Amino acid sequence: PALMDAGGLTVELISDDVHVSRPVVRLAWRLFGGDRCICVTDGMRTVGLPEGRYEYGGRQFESRGGAARYLDGTLIGTSIPLLEIVKRFHRFTGCSLAEAVDGATRLPARLLGVEDRLGSIAAGRDADLVILDGDLDVRATIVGGRVVWEG
């Protein structure tokens, strides 16, 4: 409720349906809209790795279903990449794909005060891009205007 009264603040959401449930993501979108909802992740080193057991901080944990938990069940992070967070945000809220992508690009750049270099495609900006296909799968990654990965 305090966020509702603080007009300039943003809401950062790990919209994975584990850290923040679908109904809460949807509620945040309805309350704060596309200009105040930022997609974030607390991705563990297991992002992109197969499900299974790993070690963190000298303790064993399990990565399963996109969540990383110590063996006692304590949630310690997510195992899904930011792109999947954006896809889920889009699906959970019903917002446009452009609004969901803004939540992981333009809005964080604005919040960090680097929107003159990052967060959107324009002349003079850093040419760090991810090229997606129609299914929102990564097809290429461009860093500094150079293709560094193609799938």
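On a predicted model such as this, the values are computed, not experimentally measured, just so you know.
Legend: side-chain hydrogen bond (donor to acceptor under 3.5 Å, both in side chains) pairs involving residues 23-38, not counting sequence neighbours, sorted by first then second residue: D35-R110. Screening residues 91-102 for salt bridge (Lys or Arg N to Asp or Glu O under 4.0 Å) gives D102-R106 as the qualifying pairs, with residues at least two apart or on separate chains. Counting only residues at least two apart or in different chains, side-chain hydrogen bond (donor to acceptor under 3.5 Å, both in side chains) contacts with residues 138-147 comprise D133-R139.
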For residues 55-63, which side-chain N or O atoms pair as donor and acceptor with protein atoms under 3.5 Å away, sequence neighbours left out?
{"residue": "E62", "atom": "OE2", "partner": "R64", "partner atom": "NH2", "Å": "2.9"}
{"residue": "S63", "atom": "OG", "partner": "S79", "partner atom": "OG", "Å": "2.7"}

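Residue E51 comes nearest to G66 through the heavy atom pair OE2-N, 4.3 Å, listed as atom of the first residue, atom of the second, then distance. Residues H90 and A100 approach most closely at CB-CB, 3.8 Å, considering heavy atoms. Counting all heavy atoms, side chain and backbone alike, L107 lies closest to C37 at CD1-O, 3.3 Å.
Counting only heavy atoms from C-beta outward, the side chains of L97 and L136 approach each other to under 4.5 Å.
The line from CG of D116 to CG of D126 is 9.0 Å long, rounded to the nearest 0.5 Å. Once rounded to the nearest 0.5 Å, the distance linking OG of S21 with CZ of F92 reads 9.0 Å. Rounded to the nearest 0.5 Å, atoms OG (S15) and CD (E84) are 9.0 Å apart. Rounded to the nearest 0.5 Å, atoms CG (L13) and CZ (R88) are 14.0 Å apart. For the atom pair I80 CD1 and T41 OG1, the distance stands at 6.5 Å (nearest 0.5 Å).
Residue L71 is found outside any hydrophobic cluster, as its side-chain heavy atoms come under 4.5 Å of no other Ile, Leu, Val, Met, Phe, Trp or Tyr. Under the 4.5 angstrom side-chain criterion for Ile, Leu, Val, Met, Phe, Trp and Tyr, the cluster partners of L118 are L112, V114. Other residues sharing a hydrophobic cluster with L75 under the 4.5 Å side-chain heavy-atom criterion for ILVMFWY residues are V18. Side-chain contacts under 4.5 Å among hydrophobic residues (ILVMFWY), followed directly or transitively, place I131 together with I121, L129, I142, V147.
Between D137 and K87, at least one side-chain nitrogen of the basic residue sits less than 4.0 Å from a carboxylate oxygen of the acidic one, meeting the salt-bridge criterion.
Annotation: side chain to side chain donor-acceptor pair (under 3.5 Å) contacts of E115 (sequence neighbours excluded): none. For S120, the side chain to side chain donor-acceptor pair (under 3.5 Å) partners two or more places apart in sequence, or in a different chain, are R125. Considering only residues two or more places apart in sequence or on other chains, D42 meets the side chain to side chain donor-acceptor pair (under 3.5 Å) condition with H19. For D128, the side chain to side chain donor-acceptor pair (under 3.5 Å) criterion is met by no residue, not counting sequence neighbours.
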What do the steps show when you test V138 against W149 for side-chain contact (heavy atoms from CB on, under 4.5 Å), and what is the final call? CA-CA 10 Å; V138 177; W149 182 85; 3.7 Å; yes
I76 vs R69, side-chain contact (heavy atoms from CB on, under 4.5 Å): CA-CA, chis, key distance, verdict: CA-CA 5 Å; I76 58 171; R69 297 177 186 274; 5.6 Å; no
Go through Y54 and L49 one step at a time and tell me if the side-chain contact (heavy atoms from CB on, under 4.5 Å) criterion holds. CA-CA 10 Å; Y54 297 88; L49 296 178; 3.5 Å; yes
Stepwise side-chain contact (heavy atoms from CB on, under 4.5 Å) test for V130 and L132: CA-CA 6 Å; V130 176; L132 306 174; 3.8 Å; yes
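Both I85 and L111 are assigned to one and the same hydrophobic cluster, defined by single-linkage of ILVMFWY side chains at heavy-atom distances under 4.5 Å. Put simply, L9 and I38 are part of two different groups of oily side chains (I, L, V, M, F, W, Y) that touch within less than 4.5 Å, one to the next. Under the 4.5 Å side-chain heavy-atom criterion for Ile, Leu, Val, Met, Phe, Trp and Tyr, V47 and L82 are members of distinct hydrophobic clusters. By the rule that hydrophobic residues join a cluster once side-chain heavy atoms approach within less than 4.5 Å of another member, I14 and V11 end up as members of separate clusters.
Counting only distance, with no hydrogens or angles, the side chain of T105 and the backbone of V101 share a donor-acceptor pair below 3.5 Å.
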